[in-house]
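In what follows, a structure is listed as structure tokens, so that the remarks can point back to it.
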Amino acid sequence: MHKWSELFIPTLREAPADAEVASHKFLVRAGYIRQLMAGVYSFLFLGNRSFNKIMGIVREEMDKIGQEFFLPALHPRELWEASGRFALMGENLFKLKDRKGAELVLGMTEEEVMTSIALKELRSYKQLPQIWYQIALKFRDEPRPKSGLLRVRQFMMKDAYSFDIDAAGLDVSYKKHYDTYCRIFDRCGLKYMVVEADSGAMGGKESHEFMVRTPAGEDHIVSCDGCNYAANLERATSKLETWGDLAPEGDGKPLEVHTPGQKTIEEVARFLGVSPKNKIKTLALMAEAPPDKKSDKKADNAGKPRSRAIVVLMRGDHQLNEAKLNAVIGGAARPMDEAEIKALFKSPAGYLGPFGIEWAKDAKKDAALPVLLVDKALEGRSNLIAGANKEDYHLKNLTPGKDFHPTAYADLRAVTAGEGCPNCGNSLRIDTAVEIGHIFKLGYRYTKMMGARVLDKNGKEVTPIMGCYGIGIERILTAAIEQSNDENGFWLPPSIAPFQIVVTPVNVKDESLLKAATDIATRLEAAGFDVLLDDRNERPGVKFKDADLVGIPFRITVGNKVTEGTVEVVLRSTREVRDVMIATLVEYFQGVLPAKA
RNA sequence: CGGGGAGUGGCUCAGCCUGGUAGAGCACCUGGUUCGGGACCAGGGGGUCGGAGGUUCAAAUCCUCUCUCCCCGACCA
């Protein structure tokens, strides 16, 4: 029997001053967590209880499709160099040295460790498929931890990895995870949505994120209320309204117009009396290839990435989506500095355009030439206006493919709210959301790089194909709180609440009340419910406030109606109160709560 | 890493500008009265004022350096 009077549940009347989001404030106020340092939290009794329940659900469901491992958090640096992620993850990796000076890292995820096991042990197609998972701490040296448990440097993650003989097998493993994730989040009582996700610089064809809408979230998701389209803003597309091209002027060749002092898209469009939609926005960027590990070791080359000029053209009123660009160029890009702009365009910023520059026809073959990426919204357009690469001048009559030759067309545009759904044309909405899970068709990257091989049916060596699948345990808790809170506290779904029911005798000095409450708690516990007895010698108001705060979905108030054989059952979420006969309490809760397994 | 803000008892904060005995509310301990929505009375404990250096007869307060935390941005399979 859990008695509040004997437990450490340090509730606070006020939230710490540095908490901003609801889940952070309430987790601290409810005595779930305490901060140790930026992005690192201790879980106290209630927090740990809830945490364990979440992990229990995750484990139960994962065990249906995979096998649980427990892997080290401490990895040798070499392992991460073998996969190429040591350089790729850069500062986000926690690094340390042991007493012998050997370099170690703290694991962010376990692709390398899992793959190293796979490559040593898996020999035959007969051993595939495999799904291996673990629930363990992960470490990321976040540049900016924030929002309590939402963005931390040490966190609990369920990460799973699948190994299949071929892509069709991966499809099956992927689908299993998709369905399992839905079951897990359903059981955790979350209102979530599944969105198409950016697979990022790691490659991979297909990826879905499991998202919970909340203003506290850092991700932006685009979705359609008219159909089931939903995607991360990083990869969302939309249907565009068609926009009329301008008629050619003069002989139809690029025509210089004087635009003194007009630099921005808006200024030029207004000055020339056209819409920004007939303008080209020219973005001058430099792609920084990640420093490769060989040249990195030579002192004189250390930290000097090779740069490549990337010029991006967008429709005048559109914004570049950096995640899409990164996916296209396979890395990150930064804006050019003034000298770099001068060197390429021979013109000051504000008058840049694609005309008169030799662009790479093939990004790889023409490595010496700058790359011109043109957003698909400009494909097929004609007589557009761009800078003339000459101070105070712009060019009219520019038609892509005729007056300049893009290296490639690509979808690079950031979707904005209200644009048309690519499936059904309805108006799209954009919401912020928290990512609670991510599934990912990894492909061959790790198995290939690290040299995993198995024999197929024909005795031929093939590289197994991988998928990886993550769930943020803390984020399930925070998302649940963000979803269900009011000014007094929060309520968790019974499946993940630290207790399902709190029994509150209004006055413990009245021995008959305390006894009645204790009996009720005992009986409910015997029936398999998770019960907390608030036997503290506090005034009822204090106990009610605490009960409202700490996330327990049901409260039983044991008061003077006990003499009539009745207590009050309060549903925290709605504040709905109903009188229930003590004799029928167990049946009542069996009707509204699943009993503990 | 760029920009902004904050470090004073367990929590929330005042005091700093204009240097001179460290404060309030909540929490905590003791006694008493209370007891269906964060009670009241009386008494009490608890603070290196983030740290170091400096100016001064005297520093929470002024100056320099530094550490930490929060927010915005950058970053974020």
Side-chain angles (χ1 to χ4, degrees), chain A residues 10-21 24-25 28-29 31 34-40 83-85 88-93 108-112 138 140-148 150-153 155 157 159 161 197-209 217-220 232 234-235 322-323 326-327 330 332-335 434-435 437-443 445-446 466-470 472 487-489 504-510 513 534 536-549 555 557-562 567-568 570 575 577:
Chain A
T11 58
L12 299 175
R13 189 179 294 218
E14 284 171 289
D18 51 20
E20 293 267 318
V21 301
H24 186 194
K25 287 181 187 166
V28 174
R29 282 193 56 201
R34 289 293 184 264
Q35 183 175 41
L36 182 62
M37 56 179 170
V40 179
S83 70
R85 289 168 102 202
L88 195 71
M89 291 307 165
E91 300 274 83
N92 285 322
L93 253 190
M108 300 172 73
T109 55
E110 305 279 343
E111 277 85 351
E112 286 80 3
K138 301 291 180 296
R140 286 186 194 182
D141 195 357
E142 286 285 346
R144 186 149 96 80
K146 56 180 280 200
S147 307
L150 271 180
R151 186 173 201 70
V152 286
R153 299 197 290 170
F155 56 98
M157 179 173 172
D159 50 321
Y161 306 85
D198 177 34
S199 44
M202 300 300 289
K205 290 143 217 103
E206 200 176 350
S207 175
H208 286 91
E209 285 166 330
E218 299 184 282
D219 277 291
H220 295 269
N232 194 306
E234 291 177 343
R235 67 163 280 157
E322 282 183 47
N326 291 351
R334 59 165 174 84
V434 171
E435 178 189 350
H438 196 164
I439 58 177
F440 206 97
K441 289 188 182 174
L442 257 188
R445 181 194 156 91
Y446 293 90
M466 278 180 83
C468 69
Y469 317 88
E487 67 281 0
N488 294 309
T504 308
V506 294
N507 183 355
V508 297
K509 285 196 177 157
D510 179 337
L513 280 188
D534 190 354
R536 293 175 299 167
N537 180 21
E538 289 285 353
R539 297 165 60 82
V542 172
K543 302 212 272 190
F544 293 155
K545 288 287 183 190
D546 272 346
D548 285 350
L549 176 61
R555 186 180 86 215
T557 309
V558 181
N560 44 28
K561 285 181 223 163
V562 161
V567 290
E568 288 168 8
V570 185
R575 294 290 173 96
V577 181

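Contacts of A:Glu322 classified as salt bridge (Lys or Arg N to Asp or Glu O under 4.0 Å), with partners at least two apart in sequence or in another chain: none. Applying the side chain to side chain donor-acceptor pair (under 3.5 Å) test to A:Asn488 and every residue at least two apart in sequence or in another chain returns nothing. Residues satisfying the side chain to side chain donor-acceptor pair (under 3.5 Å) test with A:His208, not counting sequence neighbours, are A:Tyr174. In this structure A:Tyr161 satisfies the ring pair (Phe, Tyr, Trp, His ring centres under 6.0 Å) test with no other residue, sequence neighbours excluded. Checked against salt bridge (Lys or Arg N to Asp or Glu O under 4.0 Å), A:Asp548 has the following partners two or more places apart in sequence or in another chain: A:Arg555, A:Arg572, A:Arg575. Partners of A:Lys545 according to the side chain to side chain donor-acceptor pair (under 3.5 Å) rule, which considers only residues two or more places apart in sequence or in another chain, do not exist here. For A:Lys25, the salt bridge (Lys or Arg N to Asp or Glu O under 4.0 Å) test picks out no residue, with sequence neighbours left out. The side-chain contact (heavy atoms from CB on, under 4.5 Å) test applied to A:Ser147 returns A:Val21, A:Leu150, not counting sequence neighbours.
Per the geometry, CE belonging to A:Met108 stands 11 Å off C1' belonging to B:C75, to the nearest Å.
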Please list each protein N or O that sits under 3.5 Å from an N or O in nucleotides 22-25 of chain B, with the distance.
none

Would you tabulate the pairs of protein nitrogen or oxygen atoms and nucleotide nitrogen or oxygen atoms of nucleotides 66-72 of chain B closer than 3.5 angstrom?
{"unit_1": "B:C69", "atom_1": "OP1", "unit_2": "A:Ala38", "atom_2": "N", "d": "3.0"}
{"unit_1": "B:C69", "atom_1": "O2'", "unit_2": "A:Asp18", "atom_2": "OD2", "d": "3.2"}
{"unit_1": "B:C70", "atom_1": "OP1", "unit_2": "A:Gln35", "atom_2": "NE2", "d": "3.1"}
{"unit_1": "B:C71", "atom_1": "OP1", "unit_2": "A:Ser147", "atom_2": "N", "d": "3.3"}
{"unit_1": "B:C72", "atom_1": "OP2", "unit_2": "A:Arg144", "atom_2": "NH1", "d": "3.1"}
{"unit_1": "B:C72", "atom_1": "OP2", "unit_2": "A:Arg144", "atom_2": "NH2", "d": "2.7"}

Distances for protein N/O vs nucleotides 31-34 of chain B N/O pairs under 3.5 angstrom?
{"unit_1": "B:U34", "atom_1": "O2", "unit_2": "A:Arg539", "atom_2": "NH1", "d": "2.8"}
{"unit_1": "B:U34", "atom_1": "O4", "unit_2": "A:Lys509", "atom_2": "NZ", "d": "3.4"}

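Pairing for B:G19 is absent, with no Watson-Crick or G-U wobble pair whose two atom distances lie under 3.5 Å. Within the shown strands, B:C63 is the pairing partner of B:G53 under the Watson-Crick or G-U definition, both distances less than 3.5 Å. In this entry B:U30 has B:A42 as its Watson-Crick or G-U wobble partner, both defining distances falling under 3.5 Å. Across all strands shown, B:C72 is found opposite B:G2 as a Watson-Crick or G-U wobble partner, with both distances under 3.5 Å. As the counterpart of B:G25, B:C11 is assigned, both hydrogen-bonding distances of the Watson-Crick or G-U wobble pattern falling under 3.5 Å.
Within the nucleic acid shown, A:Asn560 comes within 4.0 Å of at least one base atom, counting heavy atoms only. Within 4.0 Å (heavy atoms only), A:Pro16 reaches sugar-phosphate atoms of the nucleic acid but no base atom.
With both ends at atom C1', the span from B:G19 to B:A59 equals 6 Å, rounded to whole Å. Rounded to the nearest Å, the gap between the C1' atom of B:C65 and that of B:C76 is 33 Å.
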Can you check each nucleotide of nucleotides 40-49 of chain B against protein heavy atoms at under 4.0 Å and return B for base, S for sugar-phosphate only, - for none, in 5' to 3' order? ----------
